[in-house]
Each structure stands twice: as C-alpha cells, then as structure tokens.
Amino acid sequence: MDSISFPDYWHEASAELAAGDPVMAGFVDLYSGDSLVSRGDPFGTLVRSIVGQQISVKAADSVWARVSAALPELVPDAVLTLSVEELRACGLSARKVEYIVDKAF
C-alpha cells in the first residue's frame, strides 16, 4: 500500500460504490490509490459546499468572500448571530440561507 492514509471506511465504501454501478466501478479502479482529504472542519466545508451549489466558480468565490468577511470565524454560533437579511446581503439565496442556518442548529 502506498503512503496515503485512508479513512477507516474508505475501502469498504469504495467496494460498495463499485458494486452498485459499473461506471463508478471504473472510477474506483482508476483512482484506487487516491483518497479524499479534509479541507478543514466539517461545518465550514459544508457551508462552502452550500454556497457553491449551482453557481459558477467565479460567482461562488465572490459570494464566499462576502460570507468570509461577514463571518471571520465560520462556526455555528457565529452564523446564528447574523440575521437572514445580513446573510442574504452576502449574495446567498433565501434557500441557501435556510440550509446554512439549519445546519448551524
């Protein structure tokens, strides 16, 4: 095995994914030496994913810059201190604000 540190669940999840879909099986085989790597805390990663959904990378970067300015510390308690209007002013849709606030609870 190479020097990549795989999460405990990685091999089992990869095998199940491959067994359920022949296209995914090809990807699992092609990238069998690769693993996902955490980019930080789970809450921040989830919020960033929500911000970037269904918009261009350029737009997502712009909205993310405003969210980061409004929330220098991206933690649930900080999200809950902002009003819906303040979050919408960052460029977030009403639905994305709803998702983010829901995840902060």
Side-chain angles (χ1 to χ4, degrees):
M1 182 179 249
D2 41 14
S3 62
I4 295 174
S5 176
F6 292 97
D8 293 339
Y9 61 83
W10 189 257
H11 294 292
E12 181 181 349
S14 296
E16 287 184 27
L17 188 61
D21 185 315
V23 173
M24 293 306 296
F27 287 121
V28 168
D29 185 50
L30 183 63
Y31 298 102
S32 63
D34 295 333
S35 174
L36 296 176
V37 178
S38 175
R39 292 181 56 189
D41 72 291
F43 182 74
T45 300
L46 180 60
V47 171
R48 189 162 189 138
S49 295
I50 292 169
V51 168
Q53 287 178 340
Q54 299 179 337
I55 59 176
S56 73
V57 172
K58 186 175 180 177
D61 287 345
S62 178
V63 172
W64 185 251
R66 292 192 296 268
V67 169
S68 295
L71 292 163
E73 185 181 18
L74 187 57
V75 295
D77 288 344
V79 169
L80 297 174
T81 66
L82 297 180
S83 68
V84 170
E85 293 77 19
E86 289 170 310
L87 290 167
R88 291 290 314 270
C90 294
L92 296 167
S93 68
R95 192 67 160 159
K96 288 182 181 185
V97 169
E98 182 181 333
Y99 290 147
I100 291 168
V101 169
D102 183 54
K103 299 306 170 213
F105 277 108

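FYI, the numbering just counts along the sequence from 1. Heavy-atom basis, side chains included; hydrogens, waters and symmetry copies ignored.
A salt bridge (charged side-chain N to carboxylate O under 4.0 Å, His left out) check over residues 90-102, counting only residues at least two apart or in different chains, returns the pairs Arg95-Glu98.
Put simply, CG on Leu82 and CG on Leu87 are 5.0 Å apart, with the number rounded to the nearest 0.5 Å.
Looking at every heavy atom in both residues, Leu74 comes nearest to Gly44 through CD2-CA, 3.6 Å. Cys90 and Ala70 make their closest contact through SG-CB, 3.8 Å (heavy atoms, listed as atom of the first residue, atom of the second, distance). Closest of all the heavy-atom pairs between Val75 and Phe43 is C-CE2, 3.7 Å.
Residues that satisfy the salt bridge (Lys or Arg N to Asp or Glu O under 4.0 Å) test with Glu86, not counting sequence neighbours, are absent from this structure.
Within the 4.5 Å cutoff, the side chain of Phe27 has heavy atoms near those of the Met24 side chain. For the pair Leu46/Ile100, no side-chain contact is recorded, criterion being any heavy-atom separation below 4.5 Å from C-beta on.
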Donor-acceptor pairs are to be reported for all side-chain atoms of residues 51-64 against protein atoms at under 3.5 Å, with residues two or more places apart or in another chain.
{"from": "Ser56", "atom 1": "OG", "to": "Ala59", "atom 2": "N", "distance (Å)": "3.0"}
{"from": "Ser62", "atom 1": "OG", "to": "Arg66", "atom 2": "NH1", "distance (Å)": "2.9"}
{"from": "Trp64", "atom 1": "NE1", "to": "Ser68", "atom 2": "OG", "distance (Å)": "3.2"}

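Side-chain heavy atoms closer than 4.5 Å link hydrophobic residues (I, L, V, M, F, W, Y) into clusters, and following such links, possibly through other members, connects Leu71 to Val84.
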